[in-house]
Student: 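This is the structure I have questions about; it appears just below.
Given the structure is predicted, the values throughout are model-derived calculations rather than measurements. Counting starts at 1 for both ligands and their atoms, following the listed order. We're numbering straight along the sequence, starting at 1.
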Amino acid sequence: MATLGMPQNTIAVLQKHQFHIQKKFGQNFLIDTRVLEKIVQAARVTKEDCVLEIGPGLGAMTQYLAESAREVIAVEIDKDLIPILEETLSAYGNVTILNQDILKMDIPQLVMEKNAGRPVKVVANLPYYITTPIIMQLLESGVPLSDITIMVQKEVAERMQAKPGTKEYGALSLAVQYYAEPEIVANVPPNCFLPRPTVGSAVVRLTRYGEPPVAVRDEKFMFALIRASFNQRRKTLVNGLGNARELGLSKDKIVEALEKMGESPLVRGESFSLERFAALANLLKP
Ligand code: SAM
């Protein structure tokens, strides 16, 4: 039975192993069973699924995942947590614990080995200091995955889901929405964690698209345009992109492309949708 998520059990495990919580690894352990249940439910985990959990910590969420999934692969960077995980997960024969840094792993290779290349589900209460690199690595590297259900800082979840014209909208919104449909499924207050984080959190589910929702000939170039537009958020697109030397675009060429799209030369990136960025990229680099 998954019982570790109860606060008294978490504290007992920490004391028994005299474990010192490591801030440098972003360790905030979940101590609310309702939140744990909600995450596993939101991830729609079934007995068919192979789940990749990033940062199992003491194993609270892993216990729930092990009960709902066919198989769980739990990747934990902190070697001091491995003996604890071996104990808290000893009742489950379907969990593999790997002591590794997720950012340095060959995840496609892991999925090939563990799930014969079929899509896995990623579920995680992510260490907040590396949320964006982990998500972008998962989305960009072509790892076969159906969806990603993750706890992140509330503000980051809002940025992922943001639409054009809002203050949260930016390069992260566009990068995530090119690969997946984001949906915030729960807001989680700081008192659900030990220790309490200073910011609010949210669970967001990213459902991966089979095909990106826009057709763009050169993805890398489109993302370079997006980055350059939001680096200089207050500038018009013409100035923002024209000043970005790495793009090698003249302002005249940008104005001409915008005119072809029926856009004003004064338009800013923050009001430009993914479709518009894709169209602009296709015009500027035919
Ligand atoms: N899943 C647990 C829970 O919900 O209680 C712990 C979540 S805690 C926010 C993040 C976990 O990720 C910690 O256990 C931390 O040691 C681990 N972690 C941090 N950086 C990591 C990395 N690069 N690769 C794998 N695990 C990492």
Student: List ligand 1's nitrogen or oxygen atoms that come under 3.5 Å of a protein nitrogen or oxygen, with the partner atom and distance.
Tutor:
from     : atom 1 : to     : atom 2 : distance (Å)
ligand 1 : 1 (N)  : Gly55  : O      : 2.8
ligand 1 : 1 (N)  : Pro56  : O      : 3.4
ligand 1 : 4 (O)  : Asn125 : ND2    : 2.8
ligand 1 : 5 (O)  : Leu30  : N      : 2.9
ligand 1 : 14 (O) : Gly57  : N      : 3.3
ligand 1 : 14 (O) : Glu76  : OE1    : 2.7
ligand 1 : 16 (O) : Gln27  : NE2    : 2.9
ligand 1 : 16 (O) : Glu76  : OE2    : 2.6
ligand 1 : 20 (N) : Tyr129 : OH     : 3.1
ligand 1 : 23 (N) : Asp101 : OD1    : 2.8
ligand 1 : 24 (N) : Ile102 : N      : 3.0
ligand 1 : 26 (N) : Ile77  : N      : 3.3

Student: Is it the case that the side chains of Tyr92 and Glu67 hold a donor-acceptor pair, with the cut-off being a distance below 3.5 Å and no angle test?
Tutor: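 There is such a pair (donor and acceptor under 3.5 Å, judged by atom type) between the side chains of Glu67 and Tyr92.
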Student: What's the verdict on salt bridge (charged side-chain N to carboxylate O under 4.0 Å, His left out) for Arg34 and Asp32, showing C-alpha distance, side-chain angles and the deciding distance?
Tutor: CA-CA 6 Å; Arg34 279 166 314 175; Asp32 188 311; 3.3 Å; yes
Student: Under the rule for ring pair (Phe, Tyr, Trp, His ring centres under 6.0 Å), what residues qualify as partners of Phe19, not counting sequence neighbours?
Tutor: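 For Phe19, no residue satisfies ring pair (Phe, Tyr, Trp, His ring centres under 6.0 Å) once neighbours in sequence are set aside.
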Student: Look at the aromatic rings of Tyr179 and Phe223 and report parallel, tilted or perpendicular, splitting at 30° and 60°.
Tutor: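 Judged by the thresholds at 30° and 60°, the geometry between Tyr179 and Phe223 is parallel.
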Student: Do Ser273 and Glu275 have a side chain donor and acceptor closer than 3.5 Å?
Tutor: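 Result is yes, a qualifying pair exists.
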Student: Is it true that atom CD of Glu246 has more than 12 heavy atoms of other residues, nucleotides or ligands lying nearer than 6.0 Å?
Tutor: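 Correct, the count exceeds 12.
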